2 protein chains.
Amino acid sequence: MTGRPASPQTLAGAEEPVVFVIDDDASMREALSNLFRSVGLRVEVFGSAHEFLQSTLPNVAGCLILDIRLPRLSGLDFQAELAKADIRIPIIFMTGHGDIPMTVRAMKAGAVDFLTKPFRDQDMLDAVTTAIERDRVSRDEARMLSGLHARFATLTPREREVMALVTSGLMNKQIAAEIGIAEITVKIHRGHIMRKMTAKSLPDLVRMAEMLGIGPASGGPQT
Amino acid sequence: MTGRPASPQTLAGAEEPVVFVIDDDASMREALSNLFRSVGLRVEVFGSAHEFLQSTLPNVAGCLILDIRLPRLSGLDFQAELAKADIRIPIIFMTGHGDIPMTVRAMKAGAVDFLTKPFRDQDMLDAVTTAIERDRVSRDEARMLSGLHARFATLTPREREVMALVTSGLMNKQIAAEIGIAEITVKIHRGHIMRKMTAKSLPDLVRMAEMLGIGPASGGPQT
DNA sequence: GGCACGATCATACCTAGGTTTGGGATCGCT
DNA sequence: AGCGATCCCAAACCTAGGTATGATCGTGCC
């Protein structure tokens with residue numbers, strides 16, 4: 001943190017992380033809101049899961065504080081909903097009357113923490129810190145992966161095929177033999193691949209292929 | 001599964017997974033032992049964590065069933081002990097009187113499951129299946145990584161340095177300039193590296209470097 | 001001192017990778 | 001029919017990678 005407080009919006013949603021709180025208890029919302037603001041965190045509160053879904057989620061790192069016992073939908077089911085809808089945001093559960101199976105289910109589904117009420121403020125803040133950091137990392141990864149996929153999508157089928165063979169370590173002549181074309185053609189495809197993927201070197205391309213999950217079968221080098 | 005039952009020991013400990021059970025209640029040990037054997041799993045039971053640590057662990061995939069309330073050491077503390085001692089085995093906790101914080105702590109520390117007594121046999125079997133598979137995978141990874149580290153250890157300091165630069169995508173001449181030696185010398189180092197690491201190709205070497213966590217700073221290709 | 005090892009480098013030689021130029025063929029879409 | 005994308009290939013040319021041979025030098029060890 002560079003000591004900069006909450007500048008309104010320097011560049012249309014891109015910096016300050018946000019804590020979303022969903023709880024049907026207004027006093028709890030108020031208490032959490034105060035807690036998070038007291039440490040300089042941006043907060044948005046909702047009385048129900050529905051309200052949360054209606055809102056426009058800013059494109060910044062964040063996390064979700066959820067009571068396991070929500071009005072119409074259980075926190076656990078809501079967690080599943082979000083996963084199904086591909087909304088990946090770290091979740092911190094709170095509960096007054098939770099049980100162990102619920103806890104296990106939530107944690108297995110990736111919850112960051114599961115706090116029992118009453119909890120200590122510091123425990124909540126620690127959980128939020130962890131959650132936001134986790135989201136920041138996963139957002140970074142997602143952003144990079146999406147750029148990668150976008151570039152990969154511009155490759156022609158043949159180029160994709162050649163890329164897989166190149167990154168698997170075959171020589172141009174072997175690739176040519178493998179798919180039944182001339183070596184010079186492989187070289188040309190290869191050149192196109194490097195440019196389209198904006199790979200600065202072969203190792204660079206190999207790493208891209210790894211991230212894209214390219215490479216027939218075997219996970220990696222020898223045992 | 002190839003339908004092959006429990007052949008005694010074809011090759012000194014290398015196939016059948018084992019379920020380790022630690023519980024001070026003899027009837028529980030008996031029940032679990034029967035349960036696992038009924039599905040063809042090898043089982044070893046212990047009355048305490050101490051007994052378990054005294055035994056010689058076979059080098060096969062396995063998992064540990066642990067009561068959270070152990071005689072002298074809590075299951076949670078024992079889990080921490082194992083982690084500290086670098087004994088990585090998936091753990092499934094059982095409890096009669098557990099609470100949520102315990103559950104959260106266990107799950108955060110990597111427990112596969114946390115079952116409340118009485119539990120359904122099928123739940124335990126499912127957890128064991130997951131745990132063993134997880135261990136199998138992590139053992140495969142560990143085995144590969146150890147081979148990799150062993151080969152990497154045979155590299156001279158200079159070779160390691162060159163390997164990092166090669167796999168980061170620099171050309172020989174750039175590497176030469178970078179460390180202030182002649183290009184031909186880089187080529188020679190490079191040849192040694194490929195041979196010592198038994199890399200069949202540059203992409204191969206790059207993947208090895210990735211697994212070894214080599215490469216100054218930056219995690220990977222562009223954003 | 002002598003030896004092994006790591007590191008350095010030159011010369012020579014060969015293979016692999018890559019671009020440019022220029023061309024041909026097929027296919028689908030307008 | 002014309003256009004653009006994809007795929008194919010050749011000749012020429014240049015750079016990069018890799019090996020072999022042979023040699024020098026410094027360090028640590030017996």
Side-chain angles (χ1 to χ4, degrees), chain A residues 148-210 212 214-216 220-222, chain B residues 148-210 212 214-216 220-222:
Chain A
L148 221 45
H149 270 113
R151 292 198 300 273
F152 186 65
T154 69
L155 298 187
T156 67
R158 202 46 145 182
E159 285 163 356
R160 282 195 257 274
E161 193 179 357
V162 171
M163 177 169 166
L165 296 171
V166 165
T167 55
S168 79
L170 294 186
M171 288 185 307
N172 288 343
K173 64 171 62 172
Q174 294 176 307
I175 296 171
E178 181 81 13
I179 62 183
I181 62 177
E183 187 184 346
I184 182 68
T185 310
V186 173
K187 290 183 179 179
I188 293 170
H189 283 314
R190 202 165 165 160
H192 291 162
I193 293 166
M194 295 299 283
R195 258 186 294 285
K196 287 185 178 180
M197 297 299 292
T198 59
K200 295 180 306 304
S201 63
L202 179 55
D204 213 19
L205 190 71
V206 171
R207 292 199 184 85
M208 290 180 184
E210 285 290 289
L212 289 169
I214 291 175
Q222 60 202 203
Chain B
L148 222 45
H149 270 113
R151 293 198 299 276
F152 186 66
T154 69
L155 297 187
T156 67
R158 202 48 145 178
E159 285 163 357
R160 281 196 257 273
E161 193 179 357
V162 171
M163 177 168 166
L165 296 170
V166 165
T167 56
S168 79
L170 294 187
M171 288 186 308
N172 288 343
K173 66 171 60 170
Q174 294 176 306
I175 296 171
E178 181 82 14
I179 62 183
I181 61 177
E183 187 182 347
I184 183 66
T185 310
V186 174
K187 289 183 180 181
I188 292 170
H189 284 314
R190 202 166 165 158
H192 291 163
I193 293 165
M194 295 299 282
R195 260 185 293 285
K196 287 185 178 179
M197 296 301 290
T198 59
K200 296 180 306 302
S201 64
L202 179 56
D204 214 18
L205 190 70
V206 171
R207 292 198 184 85
M208 291 179 185
E210 284 290 290
L212 289 170
I214 292 174
Q222 62 204 201

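Note that the structure is a prediction, hence the values are computed from the model and not measured. Letters go in sequence order (proteins before strands), and every chain restarts at 1.
The CE-C1' distance, from A:Met171 to C:dG18, rounds to 16 Å in whole Å. As a whole-Å value, the separation of A:Leu165 CG from C:dG17 C1' is 16 Å. The nearest whole Å value for the distance from the CD atom in B:Glu183 to the P atom in C:dT11 is 14 Å. In this structure, the CD atom of B:Glu159 is 6 Å from the P atom of C:dA7, given to the nearest Å.
Ion pair B:Glu210/B:Arg207 not flagged as a salt bridge, since none of the NZ, NE, NH1 or NH2 atoms sits closer than 4.0 Å to an Asp/Glu carboxylate oxygen.
Which of C:dG18, C:dA10, C:dG6 sits closest to the side chain of B:Thr156 comes down to C:dG6.
Residues A:Arg158 and A:Ile179 meet the side-chain proximity criterion, which asks for heavy atoms closer than 4.5 Å. With contacts defined as side-chain heavy-atom distances shorter than 4.5 Å, the pair A:Glu159/A:Met163 does not qualify.
Here the range on DNA chain D touched by chain A, meaning any atom under 4.0 Å from one of its heavy atoms, is D:dT6 to D:dA11.
With values rounded to the nearest 0.5 angstrom, B:Asp204 atom CG is found 4.5 Å from B:Met208 atom CE. The CE atom of B:Met171 sits 12.5 Å away from the CD atom of B:Glu178 when rounded to the nearest 0.5 Å.
Residue B:His189 has a polar side-chain atom (N or O) positioned under 4.0 Å from OP1 or OP2 of C:dT8.
Of the possible donor and acceptor atoms, none in the side chain of B:Arg190 sits under 3.5 Å from a partner among the backbone N and O of B:Val162.
Nearer to the 5' terminus of DNA chain D, by closest-nucleotide assignment, is the contact made by A:Gly180 (compared with the other of B:Lys173 and A:Gly180). Between B:Pro157 and B:Ile184, the residue anchored closer to the 5' end of DNA chain C is B:Pro157, taking for each the nucleotide with the nearest heavy atom. Positionally, the nearest nucleotide of DNA chain D for A:Ala182 lies more toward the 5' end than for the other of A:Ala182 and B:Met194.
Looking at heavy-atom distances under 4.0 Å, A:Ile188 makes contact with a base.
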